[in-house]
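Remarks on the structure that follows.
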Amino acid sequence: MNNHHSQGQQSSESKHDDDAALTDFLASLMEYTPTVPDELVEHYLGKSGFQCPDVRLTRLVAVATQKFVADIASDALQHCKARQASIVKDKRDKQQKDKRLILTMDDLSKALREMIDDKLPFIFPFSVWCQCEAPGVLRRQSFGWVGYCH
Amino acid sequence: MNNGGVNTTTGNETKADAPSGRAKADDFARAVSRVAVAQVCEGVGFESVRDSALDSLSDIAIRYLHDIGKAASFYANISGRTQCNVFDIIRALEDLGNFQGFSGASGVSHCLASSGTVMEILDYAQSAEEVPFNQSIPRFPVARDRRLIPSFTQMGETPPGKHVPAWLPALPDPHTYKQTPVWNERKSDLRADKIEQARQRRNAERSLLNLQQRLAQFGSAGASTSNIVQDHQPKELKADEGNPYLTTPLPPGEKEVSSVNLPVILSNGPTRENSLSVLETFAPAIEAMKDRFCEDGDGDNKILPPDKRPAIHFKFKTGKKVFGQSSDLKLHTKYLSRPVALIGREEERDDKKRRAEYILRQAMENPQELTQM
């Protein structure tokens, strides 16, 4: 607890800068209109108990979700392109047919599997995480799983 | 939550080919997320998307959204708040982060605004091109205004029993669960009908009284003869105050019944029209009265030969109401006091019988008034 107090005193000086950074961050975020509509985000956040009247927060969540989906899609795209490149090497007849980039279940599952394998500790069920880490959060302890997968 | 009609239509469209075509509450949101995910994929670089892949990816996106909400609300609750703020969201994003570690994860007192999560999101927002959702979506789920059942106090009723507070919704009307008597709301018409019936009966009785008087006066002088039959006697008939039965009898072979109507139509007199209408109206009543007269048989009535029917001459004397008035009033009050008696033909016959007897008695008792009429 003593460490925490000393660290708290030091961080209070930089809080003003942090607040400014935060407001800048939110302001810059509002310029971007996410593809995921606000109504959809609000619907699912309301279902899960998230309560906030601020539009900027829903935009933040919308952008985060869009980034998530875009990451998976881009991984799948890389898989698709890699497969097409390998096919072109073997057979030149199918080159024109496979020019179209189609998101298929195969590419998607590959991308997801990669993501799970890389980030297993982060995708672990949240309820289990709550049971394990909640006491640590209350005691202001650090996240206990950093470096778990190594 | 109720998605209303909007949801079911879109649900039916998307699940038209599905074997279990029942629309769920979530279908509209799922359809919207499918469109959004498809747009994101298009922005990433895909030219087309398979249906199964799109369903899976949209499902993953929905779960991600749901998990962010859960984590953020968890962090808010743990901090003793019910409403989430930006720090809760950042922490939630860090928990669900899909990146390999982030800067500052081990530190506790760092500012969340400068965490790796936030940086990545900012980078994405700045780098990715803006592709807004291509359709406008209404706010859902749609909250309908429900018409609540009014309470006891609003209805102005007292609840049955002390155990029921007055602010509760009122009980349904008894006609909704029980068969209650149905009242035909035509009271005024019924009363007018009764009055009209009584008036018509009075007129019939007055005319029958006339008949009886003439029968009594002229005895067997010729009850079967009629002055109406003769064509050359319309003037006499019009001003008739005297002896309609002293006219020339019918030539043999002529029937009176059929010819009664003709002169009435030809003369076109107001009195004749009245008598015609009354004659038509009271044909059954007259038949009934004739039968009764035959039955009573005080000696004044003649048993007529079957082929000759007595021609009845009606006279409406509005001026003289000495006798008629009292009987009218008496009959009127009698009818008003007994509305139930009007129903049923047997009861009507009994009343008519009683009235006929009464009229005869009155006729016997007051010979002077008869001569006036």
Side-chain angles (χ1 to χ4, degrees), chain A residues 4 7-8 11 14-15 18 21-22 25-26 28-29 32-33 35-37 39-41 43-45 47-52 57 60-61 63-74 77 100-105 107-108 112 115 118-119 122-123 126 129-130 134 137-138 140 142-143 146, chain B residues 29 32-33 36-37 39-41 43-50 52-53 56-57 60-62 64-74 78 82-84 86 89 93 95-98 100-101 105-106 108-109 111 113-114 118 120-122 124-125 128 130-133 137-141:
Chain A
H4 177 68
Q7 285 175 3
S11 64
S14 58
K15 258 190 186 175
D18 294 335
L22 197 60
F25 157 66
L26 287 174
S28 62
L29 202 57
Y32 182 82
T33 308
T35 309
V36 176
E39 290 86 4
L40 182 72
V41 172
H43 176 246
Y44 280 112
L45 289 181
K47 261 193 167 183
S48 57
F50 178 94
Q51 200 171 358
C52 185
L57 296 184
L60 173 60
V61 174
V63 171
T65 311
Q66 186 178 345
K67 179 178 173 301
F68 176 74
V69 174
D71 284 346
I72 297 174
S74 61
L77 186 68
R100 292 192 69 197
L101 295 165
I102 305 175
L103 174 65
T104 58
M105 273 305 286
D107 299 332
L108 189 62
L112 288 170
M115 193 184 73
D118 288 341
K119 301 135 193 170
F122 302 96
I123 311 294
F126 190 65
W129 183 93
C130 291
V137 169
L138 287 170
R140 302 287 193 270
S142 62
F143 188 69
V146 170
Chain B
V32 168
S33 65
V37 165
Q39 279 193 274
V40 170
C41 292
V44 166
F46 280 105
E47 285 156 14
S48 61
V49 174
R50 291 246 189 265
S52 52
S56 308
L57 197 51
I60 290 168
I62 287 171
Y64 189 74
L65 208 46
H66 192 77
D67 287 343
I68 289 179
K70 242 166 73 168
S73 65
F74 169 77
I78 260 204
T82 52
Q83 282 203 349
C84 306
V86 64
I89 294 177
L93 289 172
D95 287 342
L96 297 171
N98 55 344
Q100 202 148 5
S106 56
V108 178
S109 60
C111 173
S114 57
V118 174
E120 289 204 12
I121 292 176
L122 265 179
Y124 175 76
E130 195 166 316
V131 182
F133 198 69
I137 301 176
R139 197 169 172 85
F140 70 95

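Lettering of chains follows the sequences in order, A, B, ..., and the numbering in each one begins at 1.
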(request) Quick one: do A:Phe50 and B:Ile89 satisfy side-chain contact (heavy atoms from CB on, under 4.5 Å)? Show the steps, please. (result) CA-CA 10 Å; A:Phe50 178 94; B:Ile89 294 177; 3.6 Å; yes

(message) So for A:Leu108, is it side chain, backbone, both, or neither that comes closer than 4.5 Å to the heavy atoms of chain B?
(response)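 For A:Leu108, the side chain is the part near chain B, not the backbone.
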
(request) Using non-hydrogen atoms and a 4.5 Å limit, figure out which bit of A:Leu60 sits close to chain B: side chain, backbone, both or neither. (result)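 Only the side chain of A:Leu60 comes within 4.5 Å of chain B.
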
(message) I need the residue from A:Leu45, A:Thr104, A:Val41 with the largest number of non-hydrogen atom pairs under 4.5 Å to chain B.
(response)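 Of the candidates given, the most pairs with chain B belong to A:Thr104.
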
(message) If we define contacts as heavy-atom pairs under 4.5 Å, which of A:Gly49, A:Ala70, A:Ser74 has the most with chain B?
(response)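 That would be A:Ala70.
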
What's the separation between atom [atom1] in [X] and atom [atom2] in [Y], rounded to the nearest 0.5 Å?
X       : Y       : atom1 : atom2 : result
B:Ile68 : A:Thr65 : CD1   : OG1   : 4.0 Å
A:Ile72 : B:Cys41 : CD1   : SG    : 9.5 Å
A:Tyr44 : B:Asp67 : OH    : CG    : 12.5 Å
A:Lys47 : B:Ile62 : NZ    : CD1   : 8.5 Å
A:Ser48 : B:His66 : OG    : NE2   : 5.0 Å

(message) I need the residue from B:Gly45, B:Ser73, B:Ser48, B:Cys84 with the largest number of non-hydrogen atom pairs under 4.5 Å to chain A.
(response)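 The candidate making the most pairs under 4.5 Å is B:Ser48.
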
(message) Less than 4.5 Å apart, side chain to side chain, heavy atoms only: is that true for A:Val69 and B:Tyr64?
(response)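 Of all side-chain heavy-atom pairs linking B:Tyr64 with A:Val69, none is under 4.5 Å.
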
(request) Return the minimal non-hydrogen interatomic distance between A:Leu103 and B:Ala53, and the atom names on each side. (result)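 That closest heavy-atom pairing would be O-CB, 3.6 Å.
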
(request) Looking only at non-hydrogen atoms, find the nearest pair between A:Leu40 and B:Ala29 and report the distance. (result)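 The answer is CD1-O, 3.3 Å.
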
(request) Test side-chain contact (heavy atoms from CB on, under 4.5 Å) on A:Phe68 and B:Leu65 and set out the steps. (result) CA-CA 10 Å; A:Phe68 176 74; B:Leu65 208 46; over 6 Å; no

